[in-house]
Amino acid sequence: MDGMDTFFISHGSPMAPLIEAPASEFWREWQRFMPKKPKAILAISAHWNTVHPEVNSVIQNDTIHDFNNFPPELYQIQYNAPGAPDLAGKVTELLKDAGVWPVHVDWERGLDHGAWIPLHLMYPEADIPVCQLSLQIDKDGSHHYRMGKALASLRREGILIMGSGGATHNDRDTARKPQDNIPVPWAVDFDIWLNDSLTAGRFEDVIQFEEKAPHANTEKTSHPTPDHFLPLLVALGAAGEGAKAERIHKSWMNGSLSMACFAF
């Protein structure tokens, strides 16, 4: 299927806009990496979980500072991109047609930090309409992959579909400084497995990551909860049939957060 690539972004710490980190620099250079400006952005963030799929449909997005105990200047950042009510309507219909139903509409919600932290650096002009789609963390990887497949046609319309989460995400070992680039071994194991599985096309293993991944059933799992991994599966599904994966960025933050980003 011709159209825009889909992407998975590891958004890391909310501190990303305020520090000099490799991932932050990668996002700042995003428009050189992908010069074609999307008509709108559909963001699937780790930080919006609902019982049933929901989309936000607003005229102007508010900036949700959904984190605590960070420097005051972080709470001063605003990313009030236009909303995308037309896109919200299309997403609702596509999911319904694919049997993913019910789908609810939130008429007030803005952008959580999983969406606006990377977008603030990728598209600082904040002039591209953005719609968010929620996760259902009580449902498995197959559900989220199927949601993505239902949305694949949006790529032909110039819509950038961006999953935002974390290639690894375990708060147990994130007490280090954000700039810490020396990763813990169990996170490295998962990061290698993820890259190898995606680039080799072993997508079914990735969809079943909670059983197939290294340390899947130990205290050293890279995803104690699935919320930061599921956006990857939506982006992968949205790439459509014959998808291929490419890692477009690799770095670490806080010693256990892989900042790996993928294009599909």
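These numbers were taken from a predicted model, which means no experiment stands behind them. This chain uses plain numbering: 1 for the first residue, then up along the sequence.
- Of the possible polar contacts, none joining the D5 side chain to the A263 backbone as a donor-acceptor pair under 3.5 Å is found.
- S134 places no side-chain N or O within donor-acceptor distance of the main-chain N or O of P53, the cut-off being under 3.5 Å.
- Cluster membership check: W48 does not share its hydrophobic cluster with L87, using side-chain heavy-atom separations under 4.5 Å among Ile, Leu, Val, Met, Phe, Trp and Tyr.
- Note: W193 and H215 fail the aromatic proximity criterion, with ring centroids not under 6.0 Å apart.
- Between F190 and A213 the shortest heavy-atom distance is CE1-CB, 3.3 Å.
- No donor-acceptor pair closer than 3.5 Å links the side chain of S57 to the backbone N or O of A88.
- Of all the heavy atoms in S256 and V184, the pair that sits closest is CB-CG2, 3.9 Å.
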* Determine, stepwise, if the pair L133 / V103 fulfils side-chain contact (heavy atoms from CB on, under 4.5 Å). => CA-CA 10 Å; L133 169 65; V103 180; 5.6 Å; no
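- In this structure, the side chain of T6 does not engage the main chain of A238 through any donor-acceptor pair within 3.5 Å.
- Side-chain contact between D191 and R247: present, with at least one pair of heavy atoms (C-beta onward) separated by less than 4.5 Å.
- To the nearest 0.5 angstrom, Y79 atom OH is 14.5 Å from I64 atom CD1.
- Within a 6.0 Å sphere centred on CD of Q60, heavy atoms belonging to other residues, nucleotides or ligands number more than 12.
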* Pair T63-H65, side chain to side chain donor-acceptor pair (under 3.5 Å): steps then yes or no -> CA-CA 6 Å; T63 307; H65 298 88; 5.6 Å; no
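- By the 30° and 60° cut-offs, the orientation of the rings of F67 relative to W116 is tilted.
- Side-chain contact check for T225 versus I137: every heavy-atom pair is 4.5 Å or farther apart.
- Under 3.5 Å, the side chains of N49 and D138 contain no donor-acceptor pair of N or O atoms.
- Taking all atoms of both residues into account, the shortest heavy-atom contact from C131 to V55 is SG-CB, 4.1 Å.
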* From CA spacing to verdict: side-chain contact (heavy atoms from CB on, under 4.5 Å), N56, N61 -> CA-CA 9 Å; N56 76 323; N61 280 296; 2.9 Å; yes
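- Cluster membership for V51 and M147, using ILVMFWY side-chain heavy atoms within less than 4.5 angstrom, is not shared.
- Minimum heavy-atom separation, M259 to W252: CG-C, 4.1 Å.
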* Between V91 and L154, is a side-chain contact (heavy atoms from CB on, under 4.5 Å) present by the stated rule, with each step listed? -> CA-CA 9 Å; V91 170; L154 294 174; 4.0 Å; yes
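- A salt bridge between E93 and K90 is absent, with no side-chain N of the basic residue lying under 4.0 Å from a carboxylate O of the acidic one.
- Between I161 and I44 the shortest side-chain heavy-atom distance falls below 4.5 Å.
- Legend: residues meeting side chain to side chain donor-acceptor pair (under 3.5 Å) with D66, ordered by chain and number and at least two apart, are H113.
- Applying the salt bridge (charged side-chain N to carboxylate O under 4.0 Å, His left out) rule to R109 yields the partners D112; only residues at least two apart in sequence or on another chain are considered.
- Residue pairs meeting the side-chain hydrogen bond (donor to acceptor under 3.5 Å, both in side chains) criterion with at least one member in residues 94-106, sequence neighbours excluded, do not occur.
- Side-chain contact between I41 and Y123: present, with at least one pair of heavy atoms (C-beta onward) separated by less than 4.5 Å.
- Put simply, CZ on R32 and CD on E29 are 4.5 Å apart, with the number rounded to the nearest 0.5 Å.
- For an aromatic pair to be called close, the ring centres must be under 6.0 Å apart, and F262 with F7 fails this.
- Residues T168 and S222 bring no donor and acceptor atom of their side chains to less than 3.5 Å of each other.
- Between D127 and K37 there is a salt bridge, since a side-chain N of the basic residue sits under 4.0 Å from a carboxylate O of the acidic one.
- Note that SG of C261 is 10.5 Å distant from CG of L232, once rounded to the nearest 0.5 Å.
- L233 contributes atom CG, which lies 9.5 Å from atom OH of Y145 (distance to the nearest 0.5 angstrom).
- A side-chain N or O of S251 and one of H249 form a donor-acceptor pair less than 3.5 Å apart.
- Residues H169 and H11 bring no donor and acceptor atom of their side chains to less than 3.5 Å of each other.
- The cluster map of Ile, Leu, Val, Met, Phe, Trp and Tyr, joined by side-chain heavy atoms under 4.5 Å apart, puts L111 and V58 in different clusters.
- Side chains of M4 and E157 form no contact here, defined as non-hydrogen atoms less than 4.5 Å apart.
- For H143 and Q136, the side-chain atoms include at least one donor-acceptor pair closer than 3.5 Å.
- The main-chain N or O of A167 is found under 3.5 Å from a side-chain atom of H223 such that the two form a donor-acceptor pair.
- Side-chain contact between S197 and L194: absent, with no pair of heavy atoms (C-beta onward) separated by less than 4.5 Å.
- Here E204 does not pair with K212 in a salt bridge; the nearest charged N to carboxylate O distance is not below 4.0 Å.
- One distance of note links CD1 of I9 with CG of L119; it measures 9.0 Å at 0.5 Å rounding.
- Interatomic distance, CD1 of I182 versus CG of N254, reported as 13.0 Å (0.5 Å rounding).
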* Could you walk me through whether K244 and F264 pass the side-chain contact (heavy atoms from CB on, under 4.5 Å) check? -> CA-CA 5 Å; K244 295 183 179 181; F264 304 107; over 6 Å; no
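- What you find for S13 and M253 is that their closest heavy atoms are N-SD, 3.3 Å.
- At a threshold of 4.5 Å between non-hydrogen side-chain atoms, the residues T199 and E246 do not count as touching.
- Looking at every heavy atom in both residues, A40 comes nearest to I128 through CA-CG2, 3.8 Å.
- Under the 4.5 Å side-chain criterion, counting only non-hydrogen atoms from C-beta, Q31 is in contact with E125.
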